[in-house]
Amino acid sequence: MNLPDQPNFKTHFADLLRQAASTLIEPDALPRIEMARTKQASHGDYSCNIAMQLAKPLRKNPREIASLLIEAIPDSPLLEKVEVAGAGFINLFLTHAAKQTFLQYVLKKGKTFGTGHYGQGKKIQVEFVSANPTGPLHVGHGRGAALGASLANILAAAGFCVTREYYVNDAGRQMDILTLSAWLRYLELNGIHLPFPENAYQGDYVKVMAQLIQQAHAERYVHQADLLLDGLDENVTDEGINTDLQLDRMIANAKQILGEDYAYIHNFVLTEQLGDCRNDLMEFGVTFDTWFSEQSLFDNGFVAHAVKMLEERGFLYQQDGAAWFRSTKFGDEKDRVVQRENGQFTYFASDIAYHLNKFERGFEQVINIWGADHHGYIARVKGALQALEQDPNKLEIALVQFAVLYRDGKKAPMSTRSGEFVTLRELREEVGKDAARFFYVMRKSDQHLDFDLDLAKSESNENPVYYVQYAHARVCSVLAQWEEGDISMLADVNAELLTSPAELGLLQKIIDFPDIVEAAAKEFAPHLIAFYLRELASEFHSYYNSTRFLVPEESLQHARLSLIVAIQKVLQNGLNLLGVNAPEKM
RNA sequence: GUGCCCGUAGCUCAAUUGGAUAGAGCACCAGCCUUCUAAGCUGGGGGUUACAGGUUCGAUCCCUGUCGGGCACGCCA
């Protein structure tokens with residue numbers, strides 16, 4: 001049988017029904033043909049509800065319409081039979097030959113099986129993680145990283161031209177606080193003990209950075225540190241420093257005392273944290289095409305430019321000395337400040353500039369992966385884009401709910417500022433990269449995630465990661481014991497011998513894979529891949545236990561081997577999309 | 001208080017976005033290694049989809065209300 005290059009049975013059947021429906025109704029009035037995979041084998045392989053949808057416009061009984069459609073359906077070598085069922089479903093059965101022949105395409109496509117053209121080469125950007133470089137990544141960032149990286153892979157597989165981007169918040173107050181924190185620790189190393197503000201960064205990593213500065217430059221950056229507390233309340237040493245005002249005063253003092261050296265320390269801690277973050281993510285299998293600096297938007301005047309554009313279009317007004325953007329015109333709850341009383345731009349201002357910049361770089365679609373705590377932020381960013389005459393629908397925000405760690409059935413404590421949190425690095429060291437990546441995307445992203453550390457760690461049948469990987473290792477093991485051992489022999493195998501329910505079920509499962517990838521891309525839902533892989537592994541394990549592959553009869557042996565090689569490819573490709581290894585031995 | 005998200009088996013979650021008898025894993029019970037890896041397989045029990053209405057051929061999904069949980073409501077980022 002000769003089939004087109006990348007056969008898609010689902011769309012083929014949809015075409016057949018569309019042709020049949022054109023005998024009953026004007027093509028313009030025809031709704032989209034929904035072709036769904038069935039849950040039960042008795043319902044065939046694919047099912048369509050078009051007859052029910054046409055019941056209203058045609059004013060006829062759905063079952064009657066279904067019968068008429070079936071009579072009008074063109075002949076196809078892929079269609080075994082078609083029947084009416086239930087309230088008017090049209091159930092279609094694929095021929096065994098169609099399923100069996102499909103195996104050849106899988107083996108031929110190999111690593112690229114599962115890819116498609118849904119994205120039509122559109123330029124799409126995925127921005128994710130984008131954590132402030134003020135400390136180590138924690139397990140909350142890990143979920144965004146795993147989700148973003150997997151989604152980017154899936155979009156690329158679905159035919160998009162993907163750019164992965166990390167927005168570096170290297171401007172602004174948090175970086176100043178980190179700089180001050182590091183300098184204070186550095187001063188301590190030089191015997192100068194000033195009160196350490198409660199709202200500065202407490203983590204030990206700050207002390208490590210201070211040590212690095214100390215080792216490289218000795219006491220060079222001590223300067224007149226005793227002036228640091230100037231202008232603060234008299235009795236700070238007794239009560240401690242804990243207000244934003246006091247902290248900002250210390251930062252201002254530090255800038256004055258250090259002069260040009262302030263920039264050195266600022267830059268040093270930034271580079272250090274960013275490098276740490278990059279390594280951490282790399283070891284997590286997460287890489288970026290672009291690290292986009294927020295500071296660069298200020299340096300080249302782009303923030304001022306964007307704000308000016310808002311002003312020119314009449315969306316800005318002055319009140320209480322600040323410049324406000326009329327975001328309420330675009331559905332926001334209240335207007336927002338873009339330039340403060342003291343002349344500084346707000347974070348929102350640079351974010352407007354950043355998103356405008358994204359569109360000006362020519363991305364046809366932009367996806368932001370944000371923590372769910374930022375959901376109130378969506379309206380104002382989209383509003384600003386609209387005000388700047390951009391299409392806000394080109395920006396899509398995927399919200400990620402928090403991940404809560406459980407150890408021994410109890411919540412692991414998490415509190416960012418106090419430095420008491422589980423880092424991504426610790427998580428990786430504890431459960432391993434593969435388990436962490438898989439667990440993070442096992443849930444729909446807009447759902448809370450309960451991350452069971454004990455389960456992720458367990459090297460047993462309880463662990464879904466090993467379950468999928470084990471299926472892959474088993475195939476590899478069989479192939480290793482296959483004496484002829486040449487997979488190319490399987491290219492033109494006679495798959496007609498694959499007729500058991502298990503074999504036909506597995507064939508259908510393989511056929512589904514490209515559709516699953518496309519659905520995952522369409523819905524920003526990597527968890528669909530995880531669930532699919534689990535199901536495929538399950539069917540394989542069952543097959544493995546019931547059927548011997550290395551049988552004496554060569555044609556049957558080759559047929560079965562070709563099937564498990566195809567399964568191996570799908571497992572590899574699927575795990576690869578999720579950033580999980582497919583080990584040959586376990 | 002206002003806005004957004006959520007509520008599905010004992011636990012953690014799915015459900016092709018309005019489709020057929022709501023499905024998996026874990027946990028629990030009973031079996032399967034002289035055979036390609038038992039990190040596996042086979043069988044079993046378990047549900048008024050928080051609750052009350054509404055929309056229609058058909059609702060876990062859409063609308064209204066109630067109860068319960070999470071998040072957000074700065075000239076912070």
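Chain A is the first sequence line, chain B the second, and so forth, proteins listed ahead of strands; every chain is numbered from 1.
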Interatomic distance where CZ belongs to A:Arg548 and P belongs to B:C33 [whole Å]: 16 Å

Distance in angstrom units between A:Glu553 CD and B:C36 P, rounded: 20 Å

Atom pair distance, as rounded to whole Å: CD in A:Glu333 and P in B:A72: 13 Å

Base orientation of B:C33, syn vs anti, 90° cut from 0: syn

Nearest-angstrom distance from the residue atom CG of A:Asn545 to C1' of B:G43: 14 Å

Protein-nucleotide distance (A:Ile177, atom CD1; B:A77, atom C1'), rounded to Å: 9 Å

Sugar-phosphate, base or nothing in reach of A:His375, heavy atoms under 4.0 Å: base

Touch class at under 4.0 angstrom, heavy-atom based, for A:Ser546 against every strand present: nothing

Within-4.5 Å side-chain heavy-atom neighbours: A:Tyr354 and A:Val303: no

ring centroid sep under 5.5 Å plus plane angle under 30, A:Phe89 with B:A20: yes

Nearest-Å distance for atom pair CZ/P, residues A:Phe524 and B:U17: 16 Å

Watson-Crick/G-U partner (both atom distances under 3.5 Å) of B:U12: B:A24

Length of the line joining A:Leu533:CG and B:A39:P, which is rounded to integer Å: 21 Å

Touch class at under 4.0 angstrom, heavy-atom based, for A:Lys334 against every strand present: sugar-phosphate

Touch class at under 4.0 angstrom, heavy-atom based, for A:Glu341 against every strand present: base

Cation-pi, A:Tyr467 ring and A:Arg534 (6.0 angstrom, 45 degrees): yes

Over-ring placement of A:Lys10 relative to A:Tyr46, 6.0 Å and 45° cut-offs: no

Sugar-phosphate, base or nothing in reach of A:Phe348, heavy atoms under 4.0 Å: nothing

Parallel, tilted or perpendicular, as decided by the 30° and 60° cut-offs, for the rings of A:Tyr317 and A:Trp324: parallel

Ring-base stacking, A:His374 with B:A72 (5.5 Å, 30° cut-offs): no

